[in-house]
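Right, one structure below, let's go through it.
Every number for a ligand or one of its atoms is a count from 1 in the order of the listing. Hydrogens, waters and symmetry mates play no part in the numbers below; they use all other heavy atoms, side chains included.
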Amino acid sequence: MQNLVKAALEVREKAYAPYSRFLVGVAIRGASGRIYVGANVENSSFPEGWCAETSAIGAMIAAGERQIAEVCVAGDSPAPLTPCGGCRQRLAEFGAAATPVHSVGPQGLRRSFTLGELLPAAFSLESSDD
Ligand code: THU
């Protein structure tokens with residue numbers, strides 16, 4: 001997990017967040033073991049920016065990978081940083097309820113969640129058991 005944490009903290013330094021000044025870095029480990037990173041990218045037209053999770057998912061998809069095994073979100077917030085609602089849904093598209101989502105700050109790991117804890121009863125077009 002340490003390399004995932006390091007990757008998230010490193011890419012956070014590259015975030016483009018001149019409006020909020022809230023830098024976020026995300027590292028995703030795919031089922032292959034490869035790590036994909038992304039940072040938030042803001043825009044002077046505020047709704048046009050996007051989250052670090054979205055950037056990292058884009059990198060994973062561009063590399064041809066479709067399965068998220070583990071996620072690490074890095075930011076410096078009062079409470080441990082968790083993905084926004086939209087990004088929880090984006091992560092759920094490629095992860096599972098048991099997929100770990102680690103929240104780290106500049107001092108390291110703060111708390112770990114599962115995707116199922118963050119997004120219970122996720123919307124899916126896939127058929128379920130019931
Ligand atoms: N942000 C992320 O990139 N990921 C999160 O998990 C939470 C929020 C970004 C969006 C925006 O650029 C800034 O943080 C402030 O909300």
So, the side chain of [X] versus the backbone of [Y]: is there a donor-acceptor pair under 3.5 Å, distance only?
{"X": "Arg88", "Y": "Pro83", "value": "yes"}
{"X": "Thr114", "Y": "Pro100", "value": "no"}
{"X": "Asn40", "Y": "Val24", "value": "yes"}

Original post:
Mind checking whether Cys51 has an N or O less than 3.5 Å away from an N or O of ligand 1?
Top reply: no
Original post:
Looking only at N/O atoms, are Glu42 and ligand 1 under 3.5 Å apart anywhere?
Top reply: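 For ligand 1, there is an N or O atom that lies under 3.5 Å from one belonging to Glu42.
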Nearest to [atom], what protein heavy atom do you find, and at what distance?
{"atom": "atom 7 (C) of ligand 1", "value": "Leu81 CD1, 3.9 Å"}
{"atom": "atom 1 (N) of ligand 1", "value": "Val24 CG2, 3.7 Å"}
{"atom": "atom 9 (C) of ligand 1", "value": "Asn40 ND2, 3.5 Å"}

Enumerated ligand 1 atoms positioned under 4.0 Å from heavy atoms of [X]:
{"X": "Pro83", "result": "6 (O)"}
{"X": "Glu53", "result": "2 (C), 3 (O), 4 (N), 5 (C), 6 (O)"}
{"X": "Thr82", "result": "6 (O)"}
{"X": "Ala52", "result": "2 (C), 3 (O)"}

**OP:** Taking the side chain as every heavy atom from C-beta outward, state whether Gln89 and Phe123 have any pair of such atoms under 4.5 Å apart.
**Re:** yes
Original post:
Taking C-beta and beyond as the side chain, do Val71 and Leu4 meet within less than 4.5 Å on heavy atoms?
Top reply: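 Counting from C-beta outward, Val71 and Leu4 never come under 4.5 Å.
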Original post:
Is the closest protein non-hydrogen atom to atom 16 (O) of ligand 1 under 4.0 Å?
Top reply: no
Original post:
Do Glu65 and Tyr36 meet the criterion of a side-chain donor-acceptor pair at a distance under 3.5 Å?
Top reply: yes
Original post:
In terms of side-chain heavy atoms, does Glu42 have a donor or acceptor partner in Ser20 at a distance below 3.5 Å?
Top reply: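 Present: a donor and an acceptor within the cut-off.
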